[in-house]
Amino acid sequence: MKVTVDGIEIDLPAGTSAIDAVFSAGGDVPYFCAHKYLSPVGACRMCLVESGSPRKNPDGSFVMEGEGDAASPKIFWFPKPMASCTMQATEGMHIRSAKTSEVVAKAQAGMMEFTLLNHPLDCPTCDKGGACELQDRAFEYGYGASRFGFDRRHAEKHYPLSDFVILDQERCIHCKRCVRYFEEVPGQEVLDFIERGGHTFIDTQEGGLPTGFSGNITDICPVGALLDNVARFRGRNWEYDHTPTTCTLCPVGCSITVDARNGRLERIVAGENRDVNEAWICDAGRFGHVFASEERLTTPLIRDEDGQLVPATWDAAIDAMKRGFSGMRTADVALYLGADSTLEEGAALEALAAATGARSVDHSPRYEVSVTAPQATLTDVATADAVVVIGADLGEEAPVLELRILEMLRGGLIPPEFAHGTAIADLRLVERPARRPERLAVIGQESRLWAHAGHRVSANGKGALARLTHPDTDELRAVLSLLEGAERPVIILGADVLNGASGSFSANLSDLASRTGAKVIAIPAAANSRGLGALNLVPRTGGLPLSRAQEAPAAFISRLDPGVRAAGFTVVHDTHLTTTARLADVVLPAITNYEKRGTVQNLEGRLLPLHPAAIQSGESADLIRTLTALAEALGVKAPARGLRGAQALLADRVALNLSDLPARGALHTFRQTFAGPAAPHTPTLWTERMHARRLTWVDRIEELVQNDWQLPVAPAAPPARAGGDD
């Protein structure tokens, strides 16, 4: 259809909202209540536009104005400006924004004046300063002065809705984004308006907000009413170094932006990736970042003559490793790495294992089975007409996958994408959407998703798949019928069914998938378990898995904490002084995944990029550089000395080209995956070190002083690190 915006005629798909028509034409409309992934409600009344449409005569012809060739359909304008976020653009419609309409400009300025009637102008102290939509729009569309001279309303400030979210009731402009978010996205009606008129305020039921996805309301609040309590008072928006990257706390691979200030990771906010997390992240991914800047290892440690670990240089650490490995065969050094390591790091370690002849190679955590059934994407889950979850606690294994399932229950609608990005107001999204719980079956232990499922079957995870293939109860027969009757079914497998999967597991799964036409997501044990499984990072014949690391003659352990050391010389590469690190002979400081450049593969097979945030970590190094130091100590040539060298290894060994990976990632299927016996894995999203310590400001300043922390006033010289940079 053709729509004219401020005199510019554009082509738009049917169903487009008027606000998206303006943005598609390159124009601008202020708005506070509209949100890309929430239903439009027209609450803030800021997106006002003038609109008019042609009318038809009884015979079907248009009412015309003008004569002869100059005649054109007459446009009948609405008498007053209309909210564009809830209005559908129609064929031939004309729209005027504030750019060409004085009426609209005056109406928006008046609405801004009304919005600021009670909003406290505490921008110098509000954490939202610099990122406040109200502040920006007041500057662009407001009068610059108020005609109201009375005192503003006062309400409770610093009101905790939970341990993570703080509410400032004075600042709330009642846009209802947070209320709609809880109703429509996680399906939790825990927040609402209380009272009416000038006394209206936002509050939650007794007990506060549930942990899981509550932090997303701090992103979508257009003012400073809802704030991240972990990052509050840590910095202003313009003081942060913003780094878009990928979260690796679980295998979903959500898009995030890491905000660092003065070398410390202070805040994480959600990024948008329509294919993965849309615009949402879980609370662990948002609030569990404190370990990145707390109690970090910043220099190598070597064990002295008294048996104590003491700080040392990288050169001294390499010398200590040379002495420790002296007399050993290089093949006796076991090589282990964490399963959230990047593909580039995995390729470098696998190549080093090939160079040394090491048979004891492993990544952890992982499952001992590889799934070969048709792969489902997260979009497949959101648009499925039947989903069966077997043996999974998504709250611990892949929280945002749970949101995509709930999206499926409310219709599976994905906002359209225009030239200007995701639709601002998708008119197909409705408030309090009807849900279809009969489309969801959960088999296994009770979990958070259990309450949303129409089919709930208590079953032992290990035998659940075989029982579903040949159902022996009415409940399981109903679930099988759900799969067989669906056109786009998806099966999701979790830890309970993947742990200790027997030899018939793959055959049963393939049989079930082929009978029902279902696609499958087998949730990996860690952020990059799927990718590392394609790099042959499993014990070779006669090799020892990580669970038997204490039997190895010597070991190099990167970012894993099995709690034991090898029988002989042990080197640990980690970010913190873990239990395993305390047992090691040499400890090498590592960087976190927030500081890495590289690639991971998520649970749907999507390759996602990591970018390094500006976090101070002393002389810490990534695994590729650390392996060059290990290779030097072992007397072999390092196969890769930097990121590009490791990517060349990936291109050579698994035909993977990472040179032009798009920001939203790309799906990739490896030709082969490797599996082997593995210890049972219990997914746990929140670890102890991810919880913020409750320190007063006095305690925090004292701690910073005791740790010789200094305010950086100029870029520090790059630390000397082992290995070259190719």
Side-chain angles (χ1 to χ4, degrees), residues 122-133 135-136 158 163-166 168 215-216 218-219 221 223-224 226-249 254-271 281 283-298 575-576 589-597 610-620 622 689-719:
D122 57 352
C123 305
T125 58
C126 176
D127 262 22
K128 200 75 171 183
C132 177
E133 296 174 41
Q135 187 182 52
D136 294 343
H158 317 302
D163 288 343
F164 297 122
V165 180
I166 291 290
D168 187 322
N216 291 313
T218 65
D219 278 352
C221 179
V223 297
L226 294 163
L227 293 172
D228 175 344
N229 194 30
V230 176
R232 202 163 65 118
F233 299 138
R234 295 300 181 97
R236 311 306 296 272
N237 197 58
W238 61 84
E239 296 176 313
Y240 291 132
D241 293 311
H242 307 290
T243 306
T245 186
T246 300
C247 179
T248 57
L249 292 182
C254 296
S255 174
I256 58 172
T257 296
V258 175
D259 289 344
R261 175 175 179 260
N262 292 333
R264 291 177 57 85
L265 198 171
E266 300 288 17
R267 184 178 70 172
I268 287 178
V269 297
I281 59 176
D283 285 350
R286 181 184 303 276
F287 302 118
H289 57 75
V290 291
F291 67 91
S293 294
E294 301 289 347
E295 300 175 349
R296 289 285 299 273
L297 285 172
T298 56
T575 58
H576 293 76
I591 59 176
T592 67
N593 279 12
Y594 300 118
E595 302 150 62
K596 285 183 183 176
R597 191 187 307 279
L610 300 185
H611 300 289
I615 302 172
Q616 283 187 340
S617 57
E619 299 181 24
S620 301
D622 66 11
R689 66 180 184 174
M690 290 167 60
H691 292 277
R693 291 176 299 154
R694 299 300 177 194
L695 298 178
T696 65
W697 277 104
V698 173
D699 293 335
R700 186 161 183 266
I701 292 173
E702 286 183 353
E703 184 182 78
L704 292 173
V705 172
Q706 289 172 0
N707 291 333
D708 296 328
W709 182 83
Q710 296 178 347
L711 180 68
V713 294

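Taking CZ of Phe291 as the reference point, atom CG of Leu265 lies at 8.5 Å (rounded to 0.5 Å). Distance check, rounded to the nearest 0.5 Å: NE2 of His289 to CZ of Arg689 gives 14.0 Å. Atoms SG and CD1, from Cys247 and Ile256 in turn, are 5.0 Å apart once rounded to the nearest 0.5 Å.
Residues passing the salt bridge (charged side-chain N to carboxylate O under 4.0 Å, His left out) test with Asp122, sequence neighbours excluded: Lys157, Arg171. Contacts of Tyr240 classified as ring pair (Phe, Tyr, Trp, His ring centres under 6.0 Å), with partners at least two apart in sequence or in another chain: none. Looking at residues two or more places apart in sequence or on another chain, you find a side chain to side chain contact (heavy atoms under 4.5 Å, CB included) between Arg236 and Trp238, Glu239. The side chain to side chain contact (heavy atoms under 4.5 Å, CB included) test applied to Lys596 returns Thr342, Glu345, Arg559, Ile591, Asn593, Leu610, not counting sequence neighbours. In this structure Asp259 satisfies the salt bridge (charged side-chain N to carboxylate O under 4.0 Å, His left out) test together with Arg267, sequence neighbours excluded. Under the rule for a side chain to side chain contact (heavy atoms under 4.5 Å, CB included), the partners of Ala260 that lie at least two apart in sequence or sit in another chain are Ile615.
A salt bridge links Arg264 with Glu294: the closest approach of a Lys/Arg side-chain nitrogen to an acidic carboxylate oxygen falls below 4.0 angstrom.
Taking every heavy atom of both residues into account, Ala284 and Leu249 meet most closely at O-CD1, 3.4 Å. Considering every non-hydrogen atom in both Asp241 and Ala614, the closest pair reads OD2-CB, 3.8 Å. Gly224 approaches Cys126 most closely through the heavy-atom pair CA-SG, 3.7 Å.
A donor-acceptor pair is defined here as one N or O able to donate and one able to accept, closer than 3.5 Å; such a pair exists between the side chain of Ser620 and the backbone of Leu297. With hydrogens and angles disregarded, a donor-acceptor distance shorter than 3.5 Å links the side chain of Gln135 to the backbone of Gly130. Between the Lys128 side chain and the Cys221 main chain, a donor and an acceptor come within less than 3.5 Å of each other. A donor-acceptor pair under 3.5 Å links the side-chain atoms of Thr245 to the main chain of His611, judged by distance alone. Here the side chain of Asp127 pairs a donor or acceptor atom with the backbone of Phe233 at under 3.5 angstrom.
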Going through the checks in order, is the side chain to side chain contact (heavy atoms under 4.5 Å, CB included) test met by Arg232 and His158? CA-CA 11 Å; Arg232 202 163 65 118; His158 317 302; 3.1 Å; yes
Going through the checks in order, is the side chain to side chain contact (heavy atoms under 4.5 Å, CB included) test met by Arg286 and Val230? CA-CA 9 Å; Arg286 181 184 303 276; Val230 176; over 6 Å; no
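For the residue pair Glu619 and Thr298, no side-chain donor N or O sits within less than 3.5 Å of a side-chain acceptor on the partner. Counted by atom type alone, Arg296 and His576 present zero donor-acceptor pairs between their side chains at under 3.5 Å.
Partner of Tyr594 under the side-chain contact (heavy atoms from CB on, under 4.5 Å) criterion, chosen from Thr243, Thr246, Val258: Val258. Applying side-chain contact (heavy atoms from CB on, under 4.5 Å) to Val165 and the options Asp228, Leu227, Asn229, Thr218 leaves one that passes, Thr218.
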